[in-house]
Amino acid sequence: DTGVSQNPRHKITKRGQNVTFRCDPISEHNRLYWYRQTLGQGPEFLTYFQNEAQLEKSRLLSDRFSAERPKGSFSTLEIQRTEQGDSAMYLCASSYSSSSSYNEQFFGPGTRLTVL
Amino acid sequence: DAKTTQPPSMDCAEGRAANLPCNHSTISGNEYVYWYRQIHSQGPQYIIHGLKNNETNEMASLIITEDRKSSTLILPHATLRDTAVYYCIVRVAWPDQGGKLIFGQGTELSVKP
């Protein structure tokens with residue numbers, strides 16, 4: 001068990017460019033979450049997947065954001081036409097949950113995005 | 001919005017117990033209390049959770065008041081490595097609502113030598 005991994009760890013881009021982040025969850029985890037964290041604030045929920053199905057999206061997830069989890073394993077988060085306000089830490093978490101139990105979420109180290 | 005209130009910061013001497021309070025006066029009967037912490041530049045880390053009974057694990061103890069309107073996270077012998085932001089989170093247990101976590105501002109704990 002290597003934990004949740006995220007790549008890249010840091011990304012610097014210019015305003016208007018597209019960026020894509022990848023999250024590899026713990027292998028047996030069926031749920032995958034994306035959060036965003038700005039400086040001095042707690043993480044904010046963006047979206048989550050159960051297997052390959054995206055079941056909830058926050059209103060924070062504008063049309064420029066899209067997330068996928070095509071085979072129910074790794075996930076990607078793409079931001080199109082980046083804006084300076086998109087600068088943040090993007091965190092991925094995974095968990096195993098069934099109809100009868102919740103389990104805690106394990107977080108990755110995050111991808112820090114800086115939009116110039 | 002977060003359903004919890006925590007002090008923004010606390011100090012603790014190394015080796016002493018750190019007691020972190022959390023108010024969740026609007027908690028519902030189907031909601032758990034969860035604690036996570038976030039060490040600088042890392043992702044949040046799960047600590048402990050409980051419904052109404054006190055809980056203990058290798059990291060910490062969780063004391064929930066009888067009316068469930070507040071709780072205290074106890075780190076029995078704080079070390080410098082416990083310096084972090086601690087988040088108290090109320091999360092629906094049933095029916096399944098996906099399990100998303102709603103973080104507040106948390107308490108920044110500084111453990112000093």
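All heavy atoms count here, side chains included; hydrogens, waters and symmetry mates do not. Source: prediction; values computed, not measured. Below, chain A is the first sequence line, B the second, and so on; all start at residue 1.
- The hydrophobic cluster containing B:Val85 also contains B:Tyr36, counting ILVMFWY residues as joined when their side-chain heavy atoms lie under 4.5 angstrom apart, directly or transitively.
- Contact annotation for A:Gln105: both backbone and side-chain heavy atoms come within less than 4.5 Å of a heavy atom of chain B.
- No more than 12 heavy atoms of other residues, nucleotides or ligands shown are found within 6.0 angstrom of CG on A:Asp63.
- For B:Glu108, no part lies near chain A; criterion is any non-hydrogen pair under 4.5 Å.
- Counting only heavy atoms from C-beta outward, the side chains of B:Gln42 and A:Phe107 never approach each other to under 4.5 Å.
- Atom CG of B:Leu101 is separated from atom CZ of A:Phe45 by 9.5 Å, given to the nearest 0.5 angstrom.
- With a 4.5 Å cut-off on non-hydrogen atoms, A:Tyr35 touches chain B through its side chain but not through its backbone.
- Both the backbone and the side chain of A:Pro43 come within less than 4.5 Å of a heavy atom in chain B.
- Under the 4.5 angstrom side-chain criterion for Ile, Leu, Val, Met, Phe, Trp and Tyr, the cluster partners of A:Leu116 are A:Ile12.
- Residues B:Tyr87 and A:Gln41 approach most closely at OH-O, 3.9 Å, considering heavy atoms.
- The contact between A:Leu91 and chain B is made entirely by side chain atoms (from C-beta outward), counting heavy-atom distances below 4.5 Å.
- Under the 4.5 Å side-chain contact rule for hydrophobic residues, B:Tyr86 and B:Met10 share a cluster.
- Within 6.0 Å of CZ in A:Arg15 there are 12 or fewer heavy atoms belonging to other residues, nucleotides or ligands.
- At most 12 heavy atoms of other shown residues, nucleotides or ligands fall within 6.0 angstrom of atom CD in A:Glu68.
- By the rule that hydrophobic residues join a cluster once side-chain heavy atoms approach within less than 4.5 Å of another member, A:Val19 and A:Leu60 end up as members of one cluster.
- Hydrophobic clustering (side-chain heavy atoms under 4.5 Å, transitive across Ile, Leu, Val, Met, Phe, Trp, Tyr) keeps B:Ile102 apart from B:Trp35.
- The contact between A:Glu56 and chain B is made entirely by side chain atoms (from C-beta outward), counting heavy-atom distances below 4.5 Å.
- A donor-acceptor pair is defined here as one N or O able to donate and one able to accept, closer than 3.5 Å; such a pair exists between the side chain of A:Tyr33 and the backbone of B:Gly98.
- Of the listed residues (B:Ser41, B:Pro44, B:Gly43, B:Gly106), the one with the most heavy-atom contacts under 4.5 Å to chain A is B:Pro44.
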